[in-house]
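Right, one structure below, let's go through it.
Quick caveat, the model's predicted, so the values are computed rather than measured. Here is how names work: the chains are called A, B, and so on, in the same order as the sequence lines, proteins then strands, and each is numbered from 1.
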Protein chains: 2
Amino acid sequence: MSQTYSISELAKALDVTPRAIRFYEEQGMLSPERRGQERVYSSRDLVALKLILRGKRIGFSLAECKELIDMYDPTGGNAKQLNRFLEKITERRGQLEQQMLDIQQMQLELDTAEERCRAAMERIP
Amino acid sequence: MSQTYSISELAKALDVTPRAIRFYEEQGMLSPERRGQERVYSSRDLVALKLILRGKRIGFSLAECKELIDMYDPTGGNAKQLNRFLEKITERRGQLEQQMLDIQQMQLELDTAEERCRAAMERIP
DNA sequence: CCTTACCTTTACGTTAACGTAAATCTGGCT
DNA sequence: AGCCAGATTTACGTTAACGTAAAGGTAAGG
């Protein structure tokens, strides 16, 4: 049988609060098992949570993260929904491309910022 | 003399609302001239605003964007502040690197999502 | 002079994404 | 049995980033 986690284990492992994890579940992004009252998380949940955090790091809203999670298992979607998925995928690809460009531009700006900073230090010493 | 813009011109050009632009000023990220009562934006403001929007697209908070803007002209900082700037620059570089990795990972996930989606469509036809 | 089209300030409202606190319930240890 | 650590639900609080609405100033056109 595969790995399972308590909420605090999962929280510690990925450095989030239990509250946040419960909140993500409330938003329909996680659906852990229950052993009595307690939540039991599988490696599938772990993956989903990682995806959420990764999304957040690049500025995705939770709603956007949820979209991605929902697309993770498209079995049980009709043709129309599947096409909708493909559209969304294409759209997201475009956004990611733009973000790449933005990051590269930011890196260039950091370069010039650093240069100016060092130049300013020359004039003080 | 160089280009200037009214608030609505600037807003239209960069596709933001005047309200947002005023808000950014309130937060100390823009400081347009005034012609009487009216705000007059220079190309410098245009650049700053572009930086803000670029930052937002990759998930920066306005406070983070402000940091970048403040570092844009380090003349008039003492040695301590300048060192602080250099630290922040290094830190941001790290974040940008991480974001790059996150984006690449997302792209891979979109790839598999698309595949599964197409596979699911095969089974429906 | 009146309207129209912008501009302004001020102030309150809204949404997302949790934080925080209180009350309760459990399993295991001593 | 009693206690503690960690789990749960419920509910209210908080912050960021604006949106929205009201009330008013101003310059150009008819």
Consider the side chain of T17(B), meaning its heavy atoms from C-beta on, and name the nucleotide among dT8(C), dG19(D), dG19(C) that approaches it most closely. dG19(D)
Please state how far atom CD1 in I21(A) lies from atom P in dG6(D), giving the value in whole angstrom units. 15 Å
Determine: side-chain N/O of Y24(A) to OP1/OP2 of dA17(C), distance under 4.0 Å, yes or no. no
Going from CG on L86(A) to CE on M71(A), what distance comes out if it is rounded to the nearest 0.5 angstrom? 9.0 Å
Could you give all pairs that pass the salt bridge (charged side-chain N to carboxylate O under 4.0 Å, His left out) test and reach residues 71-88 of chain A, with sequence neighbours left out? E67(A)-K88(A), R84(A)-E87(A)
For residues 7-16 of chain A, pull every pair meeting salt bridge (charged side-chain N to carboxylate O under 4.0 Å, His left out), keeping only residues two or more places apart or in separate chains. none
Those residues of residues 31-49 of chain A lying under 4.0 Å from DNA chain C by at least one heavy atom: none
Counting side-chain heavy atoms from C-beta on, which of dC18(D), dA11(D), dG6(D) comes nearest to R19(B)? dC18(D)
Between C1' on dT15(D) and CZ on F23(B), what's the gap in Å once rounded to a whole number? 11 Å
Please compare E26(A) and S6(A) by the position of their nearest nucleotide in DNA chain D and report the one closer to 5'. S6(A)
I'd like to know if K50(A) pairs up with E109(B) as an ion pair, taking the criterion as any Lys NZ or Arg NE/NH1/NH2 lying under 4.0 Å from an Asp or Glu carboxylate oxygen. no
Basic-acidic side-chain contact under 4.0 Å: R93(A), D111(B): yes
dC18(C) P sits how many Å from I7(A) CD1, rounded? 13 Å
Helical bend (five base pairs per end, nearest 10°) for the helix from dC1(C)-dG30(D) to dT30(C)-dA1(D): 10°
Keeping Q99(B) on the side-chain end and I58(B) on the backbone end, is there a donor-acceptor pair under 3.5 Å? yes
Per the salt bridge (charged side-chain N to carboxylate O under 4.0 Å, His left out) rule, what does the pair list look like for residues 17-32 of chain B, sequence neighbours excluded? E25(B)-R34(B), E25(B)-R39(B)
Where is the tightest heavy-atom contact between G76(A) and Q81(A), given as atom of each residue plus distance? O-OE1, 4.2 Å
So, E115(A) and R118(A), do they make that salt bridge, N to O below 4.0 Å? no
Expressed as a whole number of angstroms, how long is the span from Q27(A):CD to dT15(C):C1'? 12 Å
Short question: side chain of S61(A), backbone of E64(A) - any donor-acceptor pair under 3.5 Å? yes
Pull out every residue in residues 50-70 of chain A that has a heavy atom closer than 4.0 Å to any atom of DNA chain C, ordered by number, or say none. K56(A), S61(A), L62(A)
Heavy-atom donor-acceptor pair, Q107(B) side chain to L96(A) backbone, under 3.5 Å: no
